[in-house]
Student: 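I'd like to ask some things about the structure below.
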Amino acid sequence: MKIIDVDVVVIGGGPAGLAAAIEAKKQGTKKVMIIERDTSLGGILQQCIHDGFGLHRFGKQLSGCEYADNYIEELNTYDIEVAYDTIVVEILKDKTVYAMNKTDGIIEIHPKAIILAMGCRERTRSQAFIWGTRPSGVLTAGTVQRYINIEGYLPGKKAVILGSGDIGLIMARRMTLEGIEVLGVYELMDSPGGLSRNIAQCLVDYDIKMHLSTTVIKTHGNSKLTGVTVAKVDSNRNVIKGTEEYIECDLLVLAVGLIPENELSNQLELDIDPLTRGPIVDDQFMTSMEGVFAAGNVVTVFDLVDYVSLTGEIAGAGAAKYLKNELDLKQEYLPIKSGENVSFVVPQKIRLNNLSEELPLYFRVRNKQEKTEVGVFELENKIYKKRHRVVLPPEMIVEKISTKLIGEINTPLVVSVKEV
Amino acid sequence: MIKNKVINILQNTSDISHYEIGVSVSKEKIVTLTGIVEEWKDVVNIGHLVANVKGVKNVVNDITSKDVNIKEVNNDIEIKATLDKGVKEECDVVIIGAGISGCSIARSLSKYNLNIIVLEKNGDIGEEATKANNGNIHPGFLAKPGTLKAKLNLRGNKLYTQLSKDLDFELKRPGSLVVFHNESDVKKFKVLKFLKKTGLGYFIKSFRQYMKTPGLKWLSAEEVKQKEPNLRGNPLGGFLMTTMGIVEPFEVCYALAENAIANGATFKLNTKVLDIRKTNGAVNEVITNNSVISCETVINCAGVYADEIAKMVDDKFYTIHPRRGAIAIIDKNRKGFLNTPSGVLGRSDRSHNSKGGGASVTPEGNLLWGPTAVETHDKEDKSVEASDLDYILNLGQGVTDQVKKNEIITFFSGIRAADYKEDFIIEASKKVRGFIHVAGIQSPGLAAAPAVGEMVEKIVLKQNRLITKKLNYISTRKRTPIFRDLSRELQDELIKENPNYGRVICRCELITEGEIIDAVNAPIPATSIDAVKRRSRAGMGRCQGGFCGPRVLEIIAKELNIPHTEVTLKGGDSYVLHKESRS
Ligand SMILES: Cc1cc2nc3c(=O)[nH]c(=O)nc-3n(C[C@H](O)[C@H](O)[C@H](O)COP(=O)(O)OP(=O)(O)OC[C@H]3O[C@@H](n4cnc5c(N)ncnc54)[C@H](O)[C@@H]3O)c2cc1C
Ligand SMILES: Cc1cc2nc3c(=O)[nH]c(=O)nc-3n(C[C@H](O)[C@H](O)[C@H](O)COP(=O)(O)OP(=O)(O)OC[C@H]3O[C@@H](n4cnc5c(N)ncnc54)[C@H](O)[C@@H]3O)c2cc1C
């Protein structure tokens, strides 16, 4: 068994892991190692050949691959070891990391700090509770994306898409361009799950219809999918009898949501936030275990990769500071709570002594609201406010709070979104 | 006599008395029913009513209902195609159906100098009821006293211990716990204990099965709490059947088949029996879509299609009415939350004819809820409906209310092959020499399987006393490496020996490329994504193949040297990919 000592091990070489590794190195960490189970870096971005990435970060529209390449090029200028085709299978509570690959067999790694950057996974058919038979031709959007963009195969001729998340929308366009007939996008909720720009560019431009408050209730066909039954739902998401409609198709694409990939976090018994379904992190993106950091979609599912990279940088810098003993690990945490119309906030807690000048807060609203104001409160004291013309659940909000204002009184911060 | 009784009961049962039902009774006391009714459930009700009439040996229920449309099967064209092709084969014994019954029988008979061919219409073995059940090796307690299934259940349960050692499959015996919340149930179980201890139960017919069941224990409220602290509420006591076992059913089926193959049996997949020909009152030839096989013995273990196979030799004296059962599997996060398959008294609907159900556990530690029991006319109806899940949730949440609906990672259905007597039918045909019925093998067909094999072995030996034992019979079998079960050191060694074990394909269940290649090249090769899943567990975890599906597909294509577009999810035309995009 191969045994390795490192300062920082980054698990996952997607945008979060890349940014984290680079930043940790920049901040003076000696031995940084990325472990990536794929044969190349870039994570999910490798299958995102459409553009729309990097608008915040690089000020221009890049494809997912180009966005990743920018980081990979930068990474290559540093002495950072990358283990490709290598998967982390276990992390012990003493931070021993077990990974494996074909050439080295089992690798035992002893890091001083760990950065979790494993990304997220897609929800499945059962999690969407679709009844009926279990034929072939029912695939998640990410799998369809992989088949078409990476492997070069079309998984069907006539597709129905369930769920209006971004990947579903992007795949509606992609499939249409590839000659698959997209018969419609069906969304259980009464508002779309994806970004407005994706609805415009991927559906409207291609005459693909979105059916809100409508869902796929049943699949047909014992062997190959022959069709699906869709039906309208009421405000409690119960099927309205009599609205069932049969649609003939041979492909059902599920874009019913993403969940942080947290097998390893669970092994470590990290505190998990039931709202984000990822580990609870502090201002350094450190988890409930000292020296274990998390970044990107592992923490919560972001809609823009730009933010993913940002969290990677924070975690990378945090790990470097941790190794240099620059972090105060004793100070009481100040919690950050979700107030009115806010479904979650990341980070969930902060230590005043560790804050730099600005504290970015990542959060989503529960419901669409127009003419609103985001407010950050310490009790009655509003320490930050910002107006938004409209806020939507699919679009994550990021506010950077000047930290000078925080901590006047020692109470939790509350983030609220209210109409003004 | 019987006919009058049957007519009488049909005329005196409300709901059905208005139907005109034709009744005829053979001298073997087989009742054949004809007529048309409104709903399928009436067909089934009438069948059961008649089967329960004293003296009736079984029921052929040819009643049709207006709400369903059952297509007549006609194999004439396919039969002709085979006859035209002219491929001929020969053997001693043909076994129809490679479910757990057929595979167990094949193994039992493979001890002898017999040339055995097992025919299976699907692309893999065990793809019907055998893959879709609770995996419970029932203690035999609940089976109706005096039935064949009660007897074989007890025997099968006992045989499993040695079988699991011989064939190297996982068998756990966590026992099965029934808890109660009512004082009256506490009393009932006290009486049971008294009857058991004193042996008095033997005098009461309905208690006889229970008297024969070994390893029963009575638990106090505290003992229940200690054993299973996560059960809902505060049960007043419990009843533990310590002999209850759990297995991965496909694994057992596969192990049996592999051992039979090691002893010379041949398995022919994608081979459907279309007809059986007799000469002079004895079986002579089996016609499939591929060839004509002449043989002396035909064993019918065709599951839901057993009645149709029996009809081919004009000895259909039972009708199989399919009963769908749905099951839900809970995420492995809950591993250890419950260790004993448990049920709550009074929770499951005991009016139907299948095992009670509740919260079971798989050998891997996933919770398994269900099953339901829904009569259906369609032998291929493997759907799961919303109503199934409501029932399952009710069962499961009766046992523990902490596990939530969103923790379910998958649900699926299997079909029980029930006859109207609701018992196993295992016997040599009285009409056709060399034909053996193994029908009505519903629950506990898995638990009973080793005993079914044993029983059929005796029948075959009785028919042909000249059969001799093989000298070089191999009674054991070893499975291929299971990477996740090895220590890190052994894993490391295995990868050094064969680097394919160093790449993880299924991240949820930690299944390596080496194991998938093993599955594709196994003695019964896995040629579809689901077949790989059954042998290796790749895709059984929480992402249900979302991640590993494309990778498994690629390995299958490579190992079998076929285009990606020809790889299927589950055989037949269940292709995953339609065509190349860049062509
Ligand atoms: C299918 C899909 C399509 C998307 N499409 C878009 C889009 O069109 N536009 C957009 O802005 N955003 C899109 N996103 C979101 C965006 O790509 C993500 O926000 C971003 O890629 C997340 O980066 P990450 O580094 O957190 O995770 P990922 O990019 O998922 O990277 C995680 C990396 O970790 C590796 N890994 C995981 N577990 C292990 C382990 N145990 N051992 C070793 N390595 C491991 C994985 O192989 C992967 O390379 C998409 C996301 C998905 C899932
Ligand atoms: C939901 C559910 C839960 C259950 N739980 C349990 C349990 O916990 N414990 C237990 O002991 N039992 C249980 N059972 C019962 C058990 O699964 C069955 O009794 C057992 O699997 C039957 O095996 P078999 O080989 O007889 O039938 P099957 O597995 O159905 O096999 C019959 C085979 O015959 C083949 N075949 C049919 N027609 C032809 C033809 N014309 N030519 C060639 N091949 C043909 C079929 O393709 C099939 O592979 C359960 C059943 C269900 C449905």
Side-chain angles (χ1 to χ4, degrees), chain A residues 1-2 37 85-87 89-90 98 100-108 121-127 129 131-140 142-143 146-157 178-180 217-225 239 250-251 254 259 261 263 266, chain B residues 328-329 333 380-386 388-389 405-406 408-413 484 488-489 491-496 499-504 507-508 510 512-513 529-530 542-547 549-550 553-554 564-565 568-583:
Chain A
M1 202 166 353
K2 188 169 163 185
R37 71 173 166 218
D85 209 358
T86 305
I87 186 167
V89 291
E90 190 181 6
Y98 287 101
M100 57 184 273
N101 65 31
K102 284 185 159 190
T103 42
D104 302 309
I106 302 287
I107 311 164
E108 187 180 297
R121 53 172 60 187
E122 296 179 276
R123 296 212 304 153
T124 64
R125 168 200 172 123
S126 305
Q127 288 159 334
F129 292 101
W131 314 115
T133 52
R134 343 212 87 236
S136 71
V138 182
L139 296 171
T140 60
T143 307
R146 188 187 160 95
Y147 274 134
I148 298 181
N149 292 354
I150 297 202
E151 314 209 354
Y153 289 97
L154 303 185
K157 293 183 287 240
E178 286 288 347
I180 298 176
I217 56 170
K218 203 166 169 177
T219 49
H220 301 266
N222 262 332
S223 174
K224 176 90 199 156
L225 185 72
V239 171
D250 64 352
L251 179 60
L254 303 174
I259 308 171
E261 164 82 57
E263 308 276 280
N266 288 333
Chain B
I329 308 277
N333 271 343
E380 295 297 327
D381 173 18
K382 281 165 235 164
S383 64
V384 177
E385 305 296 334
D388 286 315
L389 204 75
K405 183 176 171 184
N406 64 11
I408 294 175
I409 55 166
T410 184
F411 41 81
F412 52 82
S413 273
R484 66 184 182 283
R488 297 275 173 240
E489 287 72 24
Q491 288 180 337
D492 195 50
E493 273 173 36
L494 191 60
I495 301 170
K496 298 277 149 66
N500 288 333
Y501 290 105
R503 174 183 279 152
V504 173
R507 61 183 179 186
C508 302
L510 196 71
T512 62
E513 187 171 3
I529 293 178
D530 275 358
R542 76 181 54 125
C543 90
Q544 290 290 305
F547 176 77
L553 186 144
E554 196 173 328
H564 287 50
T565 45
T568 64
L569 177 68
K570 49 203 274 194
D573 67 347
S574 63
Y575 302 108
V576 178
L577 300 173
H578 166 53
K579 62 171 191 190
E580 276 184 54
S581 63
R582 296 173 197 133
S583 56

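Just so it is clear, the values below take in all heavy atoms, side chains as well, and ignore hydrogens, waters and symmetry mates. Order of the sequence lines sets the chain letters (A, B, ...), proteins ahead of strands, with each chain counted from 1.
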Student: For A:Y98, does the six-membered ring have the charged nitrogen or CZ of B:R488 within the cation-pi criterion, i.e. under 6.0 angstrom from the centroid and within 45° of the normal?
Tutor: yes
Student: Under a 4.5 Å cutoff for heavy-atom pairs, which residue among A:K2, A:E108, A:K157, A:E122 has the most contacts with chain B?
Tutor: A:K157
Student: Heavy atoms only, distances under 4.5 angstrom: which of A:I180, A:V89, A:L254, A:T86 has the most pairs with chain B? Name it, please.
Tutor: A:V89
Student: Could you have a look at B:R484, B:E513, B:R542, B:K496 and say which one has the most heavy-atom pairs with chain A under 4.5 angstrom?
Tutor: B:R542
Student: Using non-hydrogen atoms only, which part of A:D104 is less than 4.5 Å away from chain B: side chain, backbone, both, or neither?
Tutor: backbone
Student: For each of A:G105, A:G142, A:P135, tally heavy-atom pairs with chain B at distances under 4.5 Å, and name the one with the top tally.
Tutor: A:G105
Student: Out of curiosity, B:I495 CD1 to A:K102 NZ, how far, rounded to the nearest 0.5 Å?
Tutor: 10.5 Å
Student: Check whether B:F547 forms a cation-pi arrangement with A:R146 (NZ or CZ under 6.0 Å from the six-membered ring centre, at most 45° off the ring normal).
Tutor: no
Student: Can you tell me how far apart CZ (A:R123) and SG (B:C543) are? Round to the nearest 0.5 Å.
Tutor: 14.0 Å
Student: Just verifying a value: how many Å separate A:R134 CZ and B:L569 CG, rounded to the nearest 0.5 Å?
Tutor: 9.5 Å
Student: Atom NZ in B:K570, atom OG in A:S136: separation rounded to 0.5 Å?
Tutor: 8.0 Å
Student: So which of A:N222, A:T140, A:L225, A:N266 has the biggest tally of heavy-atom pairs under 4.5 Å with chain B?
Tutor: A:N222
Student: With rounding to the nearest 0.5 Å, note down the distance linking NE2 in B:H578 to CG in A:L251.
Tutor: 10.5 Å
